[in-house]
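Following: one structure in structure tokens, then a few remarks.
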Amino acid sequence: ETGVTQTPRHLVMGMTNKKSLKCEQHLGHNAMYWYKQSAKKPLELMFVYNFKEQTENNSVPSRFSPECPNSSHLFLHLHTLQPEDSALYLCASTWGGRDRGYPEQFFGPGTRLTVL
Amino acid sequence: AQSVAQPEDQVNVAEGNPLTVKCTYSVSGNPYLFWYVQYPNRGLQFLLKYITGDNLVKGSYGFEAEFNKSQTSFHLKKPSALVSDSALYFCAVRDMTGANNLFFGTGTRLTVIP
């Protein structure tokens, strides 16, 4: 778990609020990911960034807006969320590019989000 | 498209007994398979991976996994379970088209009974 940090660890917000989740990795990776983890469902890949460029958006609603200002930081901006968006949001990082073999992803502890 | 399936939501095993957490995969081509563990209020932690070579892969905390191509399986095993092994276990397969993206199963909750 060390090496990838996420803040806040818990967040409660109303449907009209705007908030942001932050992820930071200290591992020298160049690929970062946002996942959504809901009970009884597979981890849902939301966004992928490689070398600060967004390379994947898995049909995520526009009320979720990612930002990757550099290879070490990743944000998820939230606005006008719905109660069904309540979940654990996980950030992960790894080495991008096919020249690095098949590396595993390193995960942060997650942000537990509750939308009222 | 590639995917993994974890057929058991819950596995219970007595402490000291061997444990198995099942995973089957579906890919076109050679699979690259991973196991992760998630403890309460924590992110996922990498346990082991199969890329090529020996079918028996050894990983962290005494876990190992057996790759079986004919049965398209990659079951996680441990010879003697500990209470501290109680957690949520995820199998994953690498996206063959994307840059190191992973597709995860639904997870299996392992409970080791003292």
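Note: hydrogens, waters and symmetry copies are ignored here, and every other heavy atom, side chains too, is used. To find a chain, count down the sequence lines: A is the first, B the second, and so on, and within it residues start at 1.
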Answer with side chain, backbone, both or neither: which region of Gln37(A) has an atom nearer than 4.5 Å to a non-hydrogen atom of chain B?
side chain
Okay, side chain of Tyr36(B), backbone of Gln105(A): is any donor-acceptor separation there less than 3.5 Å?
yes
Transitive ILVMFWY side-chain link Phe75(A) to Phe51(A), under 4.5 Å
no
Quick check: is Met46(A) connected to Leu113(A) through a chain of hydrophobic side chains (ILVMFWY, heavy atoms under 4.5 Å apart)?
yes
Part of Leu47(B) lying under 4.5 Å from any heavy atom of chain A
neither
Minimum-distance pair of heavy atoms, taken over all atoms of Pro42(A) and Phe104(B)
CB-O, 3.6 Å
Minimal heavy-atom distance between Glu104(A) and Phe46(B), with the atoms involved, is CB-CD1, 3.4 Å
Is it the case that the side chain of Arg112(A) and the backbone of Asn41(B) share a donor-acceptor pair, with hydrogens and angles ignored and the cut-off at 3.5 Å?
no
Between Ile51(B) and chain A, with a heavy-atom cut-off of 4.5 Å, which part of the residue counts as in contact: side chain, backbone, both or neither?
side chain
Is Leu43(A) in contact with chain B via its backbone, its side chain, both, or neither, using a 4.5 Å heavy-atom distance?
both
Is there a path of hydrophobic side-chain contacts, each under 4.5 Å between heavy atoms, that joins Phe107(A) and Tyr89(B)?
no
Flag yes if more than 12 heavy atoms outside Asp54(B) fall under 6.0 Å of its CG atom; otherwise flag no.
no
Look at the side-chain heavy atoms of Ile, Leu, Val, Met, Phe, Trp and Tyr, link any pair under 4.5 Å apart, and say whether Trp35(B) and Val13(B) land in one connected group.
yes
Segment of Phe90(B) engaging chain A (4.5 angstrom heavy-atom cut-off)
side chain
Please classify the contact of Gln6(B) with chain A as side chain, backbone, both or neither, using a heavy-atom distance under 4.5 Å.
neither
Do Val93(B) and Leu48(B) sit in the same hydrophobic cluster, where Ile, Leu, Val, Met, Phe, Trp and Tyr count as joined when their side-chain heavy atoms come under 4.5 Å apart?
yes
Looking only at heavy atoms, what is the nearest atom pair of Asn101(B) and Tyr33(A), with distance?
OD1-CE2, 3.1 Å
